[in-house]
Amino acid sequence: MAANYDTLNTHPRNSPYGSGDPYYNESSGYITPQRPPKKTISKWVKFGIPVAIVVIAAAVLGGVLGTRGSKNSSSQSAAAAATSAISVKNDLGHFATATDSQYLLPIYPMTTNTAAFTTPTFVSTTNTNLAWPQDPFQPSNPSPTQVRSDRPRIIAPSYMWEALPNLINNDPYLSGWNDTIFGNASQYMSLPPVVYFLDGGNGILDPAREIKQRVKAFSYVYRLTNDTKWLDRTYAELQNAAGNLTGGWGPANYTKWNPTHFLDTAELTAAYAIAYDWLYDAWTADQRSSIMYTMIEYGLSNGIIAYSGNDPLAFGWWTNNTEGNWNCVCNNGLTMGALAILGDDTTGTAAQLLSMTIPDALQNCALAPSSDGTWSETANYWYFGTTGHAEMASSLLTATGSAYELTTVNPDFELTGLYHMYVSGPGSLFNYGDCGPNKYSTTANAMMFYGQQYNKPQYQLFQRDQFDAADPWSMFWYNPTVTGAFWDGLALDYFFDNSTDQWGSMRSSWTDENALYVAVKAGTLQGHQTHNDLDCGDFVVDALGVRWFGELGSGNYNAEGYFSSDAQNSERWLYYRKMTEGQNTILVDQQNQNVLAAPTIKHDSSGTVQGSSTVMDVPSDSSAYFVADLSSAYFNSTTFSRGVHLINGRKQVLIQDEINTQGTVMWRAHTNATVSLSADNLTATLTIGSATTTVQLLNPPSGAQFSTMEAVRFPTDPAVPAGNPDQPNDGVTVLVISLPAGSYTLEVLINPQWPGMSSSSYTTPSSVSLSQWSLTSPS
Ligand SMILES: *[C@@H]1O[C@H](CO)[C@@H](O)[C@H](O)[C@H]1NC(C)=O
Ligand SMILES: *[C@@H]1O[C@H](CO)[C@@H](O)[C@H](O)[C@H]1NC(C)=O
Ligand SMILES: *[C@@H]1O[C@H](CO)[C@@H](O)[C@H](O)[C@H]1NC(C)=O
Ligand SMILES: *[C@@H]1O[C@H](CO)[C@@H](O)[C@H](O)[C@H]1NC(C)=O
Ligand SMILES: *[C@@H]1O[C@H](CO)[C@@H](O)[C@H](O)[C@H]1NC(C)=O
Ligand SMILES: *[C@@H]1O[C@H](CO)[C@@H](O)[C@H](O)[C@H]1NC(C)=O
Ligand SMILES: *[C@@H]1O[C@H](CO)[C@@H](O)[C@H](O)[C@H]1NC(C)=O
Ligand SMILES: *[C@@H]1O[C@H](CO)[C@@H](O)[C@H](O)[C@H]1NC(C)=O
Ligand SMILES: *[C@@H]1O[C@H](CO)[C@@H](O)[C@H](O)[C@H]1NC(C)=O
Ligand SMILES: *[C@@H]1O[C@H](CO)[C@@H](O)[C@H](O)[C@H]1NC(C)=O
């Protein structure tokens, strides 16, 4: 796999930071100097960037920004500059002033602070009030079974705990997160141990994750206070999950941690691993041995069975051919558990497991992001998958000195941080496919780890203002020398064009919650771990702080056949939220799209980048478009291409469809808005709260007009399996254009009613065929 690195990089990628990106080279793509392809790991990968690279980056930055100091500036003044950059940042405190109450996204002050909101950078300093010291454990020949001699081993070695109080005192983010974690731990302390709850489709995953979350917080607070009440409370939680408290917990046999839904087993194993390792010196010998044997009995032994390939309950399916979150989460839990007890475990289980989990994760988990960084499942599963991947890589690095290529075997893994940034709109995710509400203890804090591993300060800057950033992992993955603003120099648009994904992300600002955001996808309909919908052409539109056209999200995971397969005749495609009817695209003959779709796309962008200010002034000629030929997604010689164009300085959106088919045509888009139609049915007025957007059908073909429908299946659709009704889609209306078979161009213009924008400032674009689209036409 590593051998593919050069081949894949022969196609230069666009840097979203434009030509100012110090980590990007026009001909070779991203520069990731800290990734020596073959060697296991180099000494400085963990924390701290090699001095040479910082110097080069600083020189590039200086050149680009014209801020380079005098050539003979001494290293002393460089150190002073570094300290000063950090103090500018620290004086400012948190960038985000608040969190949006509906979506919990950061709200940035509308201001310019050119001293602080500058190019994302890790500044170079050895001042241990400001930066992590180097890990003293630097084995020259790392091996998965040769662990460091001191505790903890996992994610946060003792040298980091020693440095932490000083760093907390000098960094507003670390300080804020520390307070929140203490607060969270106190809150959990007052609750009874987590109650066993078996939910058909999700097993005991929620309780398992809640236990892990609590154990992390309790262990963290114990280590910073030495107050034994936290130790005792941790032990109560562990005994509870072992079934040793009154009333028991789950079955009284080896399936207690529900290995048939192995995620549950893995998360509980991880919880035990953290408690065992972080509190190692505080446990009595008896406690330690109880924790270890319970973990082996209900966790690690089941891992061995999963890998044996002949378990009667078939709970190891995720070990093979599963490039997604399951493989990451399951291998991670087993790896953390094994690392925690290595040396104490006389059964050989831990060492045996490490010889299985690491190679398996390299072949599966690590390949979950495709070559453009898109997580192959969905934007939501990115959270689970990257959390598992980052925990596993970080645990291996700290415990043994190497991540064994888990972060590098897929040379494009680092792009998955960009994927996360671009799939996040000003309100919420581009939530195509299975995308549900947040789950216990799942955060985007892998962004902190990836920021450090891949030398991408922007990932840390993006994540640190998010509501979920306060987490013990962030305390150790965050590099407090990070300065600047993630948006400074960041392109408004990015196109992810691997054939499995093919989607575009276009917006008018990175820092305005009312910004325009349009995301649209093509891509294949298979190869997504059966988490996708039949949704070629699907799009979302955000503006004015709300989502105008959106997704219905996950169906009922417990419904019969929901995950049966992604073949054309799968029962999954009987459910409204998964079938083509439930998407924002064109339906032909009321039939699902062809699962063998292989769309092609073209796209372009003015390359507009945001500057230092959080107030984004969009140039009037700034635009972007995405066009997909979706013909292969339809049967019976239908041809269909869809284009999406931002026009008028990103204030309006044109969606243009060119279709020729022998089946009936139905343009559909789902909205939470109240919809009212004009007398001629050519303009739809959408309102959500006090915000309004108009949607116009331009140059309507004969008979074309808007109508509305409920977001429910057609009576003529094939029935769902008995007893498995679709969920209601309360408050959702489908805006529809219905036409008989024929050849049409449909031009739908979306005009958010921006405050202060007069009606004469809205453009009616000229008609231009998709084949002739350019950045300036239509306009
Ligand atoms: C962490 O937060 C707790 C609770 O607010 C506080 O008591 C403690 O002093 C903080 N730790 C450091 C090192 O500042
Ligand atoms: C942790 O505390 C913060 C601040 O009080 C709160 O917003 C958050 O919901 C808590 N997190 C959890 C998981 O309880
Ligand atoms: C907790 O105990 C450890 C080990 O004895 C010690 O190094 C540390 O300073 C103590 N921390 C506090 C806050 O008392
Ligand atoms: C484990 O115990 C549960 C509950 O008592 C029971 O349903 C299940 O069959 C048992 N499993 C095995 C493999 O013995
Ligand atoms: C739970 O109880 C069993 C049976 O007494 C014991 O073997 C095991 O070590 C205990 N586990 C924990 C975590 O207390
Ligand atoms: C792994 O999965 C592939 C594809 O599904 C299959 O061909 C292969 O036999 C499986 N290997 C094992 C060891 O189960
Ligand atoms: C898409 O990504 C996969 C890796 O997930 C890679 O094997 C394939 O070559 C990529 N395709 C293109 C067209 O880049
Ligand atoms: C409706 O609003 C919810 C909550 O914001 C969002 O998750 C969903 O995607 C929206 N649905 C549509 C059809 O826009
Ligand atoms: C293809 O067209 C034929 C004739 O109109 C129709 O019977 C059939 O259902 C169509 N197939 C699909 C998959 O739409
Ligand atoms: C507009 O749509 C309504 C409801 O479908 C319909 O009654 C009306 O006749 C349509 N108006 C025109 C001008 O077609």
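For reference, positions follow the sequence shown, starting with 1. Read the numbers this way: they start at 1 and go in the same order the structure lists the ligands and their atoms.
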For Gln705, atoms of ligand 10 separated by under 4.0 Å from a heavy atom: 1 (C), 2 (O), 10 (C), 12 (C), 14 (O)
Short list, please: which atoms of ligand 10 are under 4.0 Å from a heavy atom of Ala679?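 Close to Ala679: 11 (N), 12 (C), 13 (C).
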Does some non-hydrogen atom of Phe467 fall short of 4.0 Å from ligand 2?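 Contact absent.
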Please indicate, with yes or no, if any protein heavy atom is found under 4.0 Å from [atom]?
| atom | result |
| --- | --- |
| atom 10 (C) of ligand 10 | yes |
| atom 14 (O) of ligand 10 | yes |
| atom 2 (O) of ligand 10 | yes |
| atom 7 (O) of ligand 10 | no |

Atoms in ligand 2 flagged as close to Tyr188, the criterion being non-hydrogen separation under 4.0 Å: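 It comes down to these atoms of ligand 2: 12 (C), 13 (C), 14 (O).
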Under 3.5 Å between some N or O of ligand 7 and some N or O of Ser371? yes
What about Asn498: any of its N or O atoms under 3.5 Å from an N or O on ligand 7? yes
Any idea which protein heavy atom is nearest atom 4 (C) of ligand 2, and the distance to it? Thr180 CG2, 4.0 Å
Students should be able to answer this: which protein heavy-atom is nearest to atom 5 (O) of ligand 2, and at what distance?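 Scanning the protein heavy atoms, the shortest distance from atom 5 (O) of ligand 2 goes to Asn184 ND2, 4.5 Å.
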Taking atom types as modelled, find out whether Tyr450 and His389 have a side-chain donor-acceptor pair closer than 3.5 angstrom.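 Yes, side-chain donor-acceptor contact under 3.5 Å.
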Do Glu391 and Trp473 get their side chains close enough for a donor-acceptor pair, meaning under 3.5 Å?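 Yes, because at least one side-chain N or O of Glu391 sits under 3.5 Å from a partner of the opposite role on Trp473.
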For ring-ring contact (aromatic ring centres under 6.0 Å, His included), just list the numbers for Tyr422 and Tyr494, CA-CA rounded to whole Å, side-chain angles, deciding distance to a tenth of an Å, and then say yes or no. CA-CA 7 Å; Tyr422 281 95; Tyr494 198 86; 5.1 Å; yes
Per the side-chain contact (heavy atoms from CB on, under 4.5 Å) rule, which among Thr269, Leu205, Asp206 passes with Asp264?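 Looking at Thr269, Leu205, Asp206, the match for Asp264 under the side-chain contact (heavy atoms from CB on, under 4.5 Å) is Leu205.
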Run down the list Val736, Thr708, Leu682, Asn681 and name the one with the heavy atom closest to atom 12 (C) of ligand 10.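 Of the listed residues, Asn681 has the closest heavy atom.
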Between the main-chain N or O of [Y] and the side-chain N or O of [X], is there a donor-acceptor pair closer than 3.5 Å?
| X | Y | answer |
| --- | --- | --- |
| Asp538 | Asn584 | yes |
| Gln526 | Asp566 | yes |
| Ser190 | Gln187 | yes |

Sub-6.0 Å ring centroid separation between Tyr432 and Phe430: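 Yes, ring centres under 6.0 Å apart.
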Using the side chain to side chain donor-acceptor pair (under 3.5 Å) rule, pick out the option among Asp360, Thr319, Thr357 that qualifies with Asn331. Asp360
Purely on distance, is any nitrogen or oxygen of Asp680 under 3.5 Å from one on ligand 10? no
Nitrogen or oxygen of Ser707 less than 3.5 angstrom from that of ligand 10: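 Among all N and O atoms of Ser707, none is under 3.5 Å from an N or O of ligand 10.
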I would like to know whether Tyr222 and Trp230 meet ring-ring contact (aromatic ring centres under 6.0 Å, His included); could you show each step before the answer? CA-CA 5 Å; Tyr222 173 74; Trp230 301 106; 9.2 Å; no
